[in-house]
Protein chains: 2
Amino acid sequence: MLSKKSQYAFKALAYLTEKYKQGPVLIAEISKKKKIPLKFLENILLELKKADILDSKKGKGGGYFLKMDPAKVKVATIVRLVNGPIAMLPCVSLYFYERCKNCDEKQCGLHDMMIEVRDASLAILENRTLSDLVH
Amino acid sequence: MLSKKSQYAFKALAYLTEKYKQGPVLIAEISKKKKIPLKFLENILLELKKADILDSKKGKGGGYFLKMDPAKVKVATIVRLVNGPIAMLPCVSLYFYERCKNCDEKQCGLHDMMIEVRDASLAILENRTLSDLVH
DNA sequence: TAGATTCCCTACCAACTTGATAGACTTAAA
DNA sequence: TTTAAGTCTATCAAGTTGGTAGGGAATCTA
């Protein structure tokens with residue numbers, strides 16, 4: 001399941017997508033409109049900025065805004081960034097791979113199945129972008 | 001991600017699938033062969049028994065065994081039982097549904113996307129069984 | 001029926017994660 | 001130089017995860 005943090009992140013990103021190319025948006029405005037706890041949202045937006053998804057301006061007239069075209073930002077990227085692995089097992093994760101202990105991947109039935117699940121999920125998440133969040 | 005508990009559960013179930021119709025298997029044997037902490041495994045197996053996946057016999061010659069044909073036990077069932085929701089959001093879960101707060105499902109882009117992901121995962125997990133774990 | 005064997009049950013625990021808050025600091029505009 | 005923003009560090013309560021401890025209850029066998 002996506003954490004609350006991830007859900008907040010997507011709501012905020014959807015809002016910033018609507019406001020794309022309309023100048024910086026205040027954290028406080030996003031917080032109010034999307035009903036996200038202000039200080040928690042601060043952390044999330046900062047993290048997205050450090051990951052080069054968002055950019056910001058300080059001082060009066062400042063705020064947050066998307067660093068690039070929302071149609072270029074994959075949903076999969078955001079999920080990995082804020083929520084972690086998409087795969088159901090570390091041993092089938094592309095970006096967070098870890099070998100399983102006491103389990104030969106070559107003959108583990110679960111392994112193969114979870115690769116299928118991963119690929120099915122990625123087929124969707126890698127082909128949807130922030131612009132698909134707003135319609 | 002599947003919890004360690006879930007991974008243990010699948011390993012144990014795979015083992016019991018191999019031994020299907022060969023009489024009760026000791027917790028200690030499963031623990032040793034699959035390298036699962038004994039007492040932790042006890043809890044897991046007991047839970048699976050209460051959920052009618054396994055049955056057991058006490059005393060000498062006792063142990064655990066599958067209650068029904070492994071080809072009849074869906075992987076999706078086990079995941080839901082031991083790990084929880086398969087969906088990425090409560091508001092798109094079939095078995096653990098919860099309405100989202102401050103979010104109209106009818107116009108939430110994330111909602112629709114996560115329904116797609118859920119269905120793609122279920123297409124696999126609902127059509128694989130314990131027998132697919134061993135080959 | 002005694003004793004061994006095996007699962008059953010309740011309780012507990014440390015470590016980690018999650019969701020959230022507080023407060024001081026920095027940068028930039030007016 | 002004041003004010004309006006974002007930035008940073010720290011902290012915290014509650015819940016979850018992974019695991020352990022120890023005795024109780026059922027069953028088999030001698």
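No hydrogens, no waters, no symmetry mates; every other heavy atom, side chains included, goes into these values. Each chain gets a letter, A, B and so on, in the order the sequences are listed, and its residues count up from 1.
- Here salt bridge (charged side-chain N to carboxylate O under 4.0 Å, His left out) pairs that include residues 82-92 of chain B, with residues two or more places apart or in two chains, number zero.
- Residue K60(A) places none of its side-chain N or O atoms closer than 4.0 Å to OP1 or OP2 of dT2(D).
- Across the interface with DNA chain C, nearest-nucleotide mapping of Y8(A) and G63(B) shows G63(B) to be the residue nearer the 5′ end.
- Atom NZ in K5(B) sits about 9 Å away from atom C1' in dT17(D), given to the nearest Å.
- The distance between atom CG of N83(A) and atom C1' of dT18(C), rounded to the nearest whole Å, is 12 Å.
- Between L26(A) and G62(A), the shortest heavy-atom contact is CD2-O, 3.6 Å.
- Straight-line distance from the NZ atom of K58(B) to the C1' atom of dT5(C): 12 Å, rounded to whole Å.
- The interatomic distance linking M1(B) (CE) with dG18(D) (P) rounds to 10 Å, in whole Å.
- Residues of residues 29-50 of chain B that place a heavy atom closer than 4.0 Å to DNA chain D, in numerical order, are P37(B), K39(B), F40(B), N43(B).
- By the side chain to side chain contact (heavy atoms under 4.5 Å, CB included) test, K19(B) is found to be paired with Y15(B), Q22(B), V25(B), E29(B), residues two or more places apart in sequence or in another chain being considered.
- One interatomic measurement links the two molecules: CD1 of I27(B) to P of dC9(C), which rounds to 12 Å at whole-angstrom precision.
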Residues 81-89 of chain A, side-chain donor-acceptor partners within the protein, below 3.5 Å, at least two apart:
residue: N83(A); atom: OD1; partner: S3(A); partner atom: N; Å: 2.8
residue: N83(A); atom: OD1; partner: S3(A); partner atom: OG; Å: 3.3
residue: N83(A); atom: OD1; partner: S6(A); partner atom: OG; Å: 2.7

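- The salt bridge (charged side-chain N to carboxylate O under 4.0 Å, His left out) pairs that include a residue from residues 58-67 of chain A are D52(A)-K67(A), where partners are two or more places apart or lie in different chains.
- Residues satisfying the salt bridge (charged side-chain N to carboxylate O under 4.0 Å, His left out) test with K4(B), not counting sequence neighbours, are none.
- Between the CD atom of Q7(A) and the P atom of dG19(C) there is a distance of 8 Å, rounded to whole Å.
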